[in-house]
Amino acid sequence: MGGGGSSTRRVTFEADENENITVVKGVRLSDSVIDRMKEPSSPSGRLQSEHRSASGAVNEEELKKRIAEELALERARRDSEAQKRRLFGKLLERERISSNEHLTRAILRERAATEEERQKAQRFAKQLEEKDRELKKHDAYYKEQLARLEERSAQFYKVTTEQYQKAADEVSARFK
């Protein structure tokens, strides 16, 4: 961890992408090493610690506390980020559900409008067929009336022609 300069060293911690490794001023330590550092040290370790303290190096107990604090802060930060991700996931899920419901409602409205248009078209087709049948009835009626009128006209023409011929014969017989 570093040697024996007369000044106190400042140690900073960062989390690596792997959650089981912590970066200490460019030195990687696994969680097991950090846990061992947290454990009370052996008598020989105490002597080294006292020796380092006497020489002005970083106090091992202080370093352990700082490591523990930094680890706690890092875990709290990870927990906070995980909670944020869960909340964001829930928000995304709600938004997805909401948009799906909105889309479903829009699809149903569109289907209803399409069905209404289809029924309207069917009504118009039926009305058109009725008008067509009515026009055919009128056409047949007027053709029948025209045929009757032509027949009457032919009969009237025949009768008139016969009467004219008869009158002409009578006039001709009178003057002969």
Side-chain angles (χ1 to χ4, degrees), residues 10-38 66-176:
R10 191 160 194 190
V11 178
T12 57
F13 295 88
E14 299 176 18
D16 195 18
E17 289 98 293
N18 258 339
E19 293 186 82
N20 61 349
I21 297 178
T22 303
V23 177
V24 182
K25 278 241 183 198
V27 177
R28 293 177 173 244
L29 300 174
S30 69
D31 283 339
S32 61
V33 172
I34 292 171
D35 289 338
R36 277 185 275 146
M37 291 173 69
K38 289 181 187 176
R66 283 183 125 169
I67 289 173
E69 288 173 1
E70 291 290 331
L71 286 173
L73 286 172
E74 181 61 26
R75 284 189 182 117
R77 185 187 64 78
R78 285 183 193 154
D79 290 344
S80 173
E81 286 180 9
Q83 185 178 9
K84 285 179 186 176
R85 275 188 244 115
R86 283 191 302 270
L87 288 173
F88 186 68
K90 287 179 183 177
L91 283 173
L92 284 176
E93 182 65 18
R94 282 189 210 139
E95 185 64 29
R96 185 186 64 76
I97 289 169
S98 174
S99 65
N100 281 347
E101 288 174 356
H102 180 69
L103 184 61
T104 302
R105 284 192 300 266
I107 289 171
L108 289 176
R109 279 194 306 267
E110 190 61 33
R111 283 182 183 165
T114 303
E115 180 63 22
E116 186 178 318
E117 287 294 321
R118 187 185 63 76
Q119 289 175 352
K120 199 182 223 183
Q122 284 179 341
R123 279 195 312 266
F124 286 144
K126 285 180 183 178
Q127 287 176 353
L128 185 62
E129 287 173 7
E130 274 184 41
K131 290 276 185 182
D132 191 40
R133 276 188 300 232
E134 198 174 305
L135 285 173
K136 285 180 180 178
K137 282 182 186 177
H138 285 298
D139 188 44
Y141 173 76
Y142 289 126
K143 283 182 180 179
E144 183 183 319
Q145 292 298 319
L146 182 62
R148 281 186 190 165
L149 287 174
E150 286 176 348
E151 187 181 325
R152 277 188 188 167
S153 178
Q155 286 175 357
F156 184 71
Y157 179 76
K158 184 179 176 185
V159 168
T160 307
T161 306
E162 286 175 4
Q163 287 176 350
Y164 176 77
Q165 193 61 40
K166 194 177 184 186
D169 287 343
E170 283 179 12
V171 169
S172 179
R174 258 191 209 172
F175 292 106
K176 277 194 188 179

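Sequence positions, counted from 1, serve as the residue numbers for this chain. Only heavy atoms go into these numbers, but all of them, side chains included; no hydrogens, no water, no symmetry mates.
- How far OG1 of T161 is from NZ of K166: 14.0 Å, rounded to the nearest 0.5 Å.
- In this structure, CG in L146 is found 11.0 Å from CD in E144, a value given to the nearest 0.5 Å.
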Worksheet item: Going through the distances and angles, do H138 and Y142 end up as a side chain to side chain contact (heavy atoms under 4.5 Å, CB included)?
Response: CA-CA 6 Å; H138 285 298; Y142 289 126; 4.0 Å; yes
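- Salt-bridge annotation for K143 and D139: present, with a side-chain N of the basic residue lying under 4.0 Å from a carboxylate O of the acidic one.
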Item to complete: Determine, step by step, whether R148 and E151 satisfy the side chain to side chain contact (heavy atoms under 4.5 Å, CB included) criterion, reporting the C-alpha distance in whole Å, the side-chain angles of both residues, the deciding distance to 0.1 Å, and the verdict.
Response: CA-CA 5 Å; R148 281 186 190 165; E151 187 181 325; 5.6 Å; no
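- R77 and E74 are joined by a salt bridge, as a carboxylate oxygen and a charged side-chain nitrogen come within less than 4.0 angstrom of each other.
- Here the CZ-CD distance, from R133 to E130, works out to 5.5 Å after rounding to the nearest 0.5 Å.
- Atom CZ of R118 has more than 12 neighbouring heavy atoms from other residues, nucleotides or ligands inside a 6.0 Å radius.
- At distances below 3.5 Å, not a single donor-acceptor pair connects side-chain atoms of S153 with backbone N or O atoms of L149.
- Expressed to the nearest 0.5 Å, how far CZ of F156 lies from CD of Q163 amounts to 8.0 Å.
- In this structure, S80 contributes its side chain and A76 its backbone to no donor-acceptor pair below 3.5 Å.
- Panel note: side chain S98, backbone R94; no donor-acceptor pair is recorded below 3.5 Å.
- Contact check on R96 versus E93 returns a salt bridge, with a Lys/Arg side-chain nitrogen under 4.0 Å from an Asp/Glu carboxylate oxygen.
- A distance of 12.5 Å separates CD of E115 from CD of E110, quoted to the nearest 0.5 Å.
- Once rounded to the nearest 0.5 Å, the distance linking CG of D132 with CD of Q127 reads 13.5 Å.
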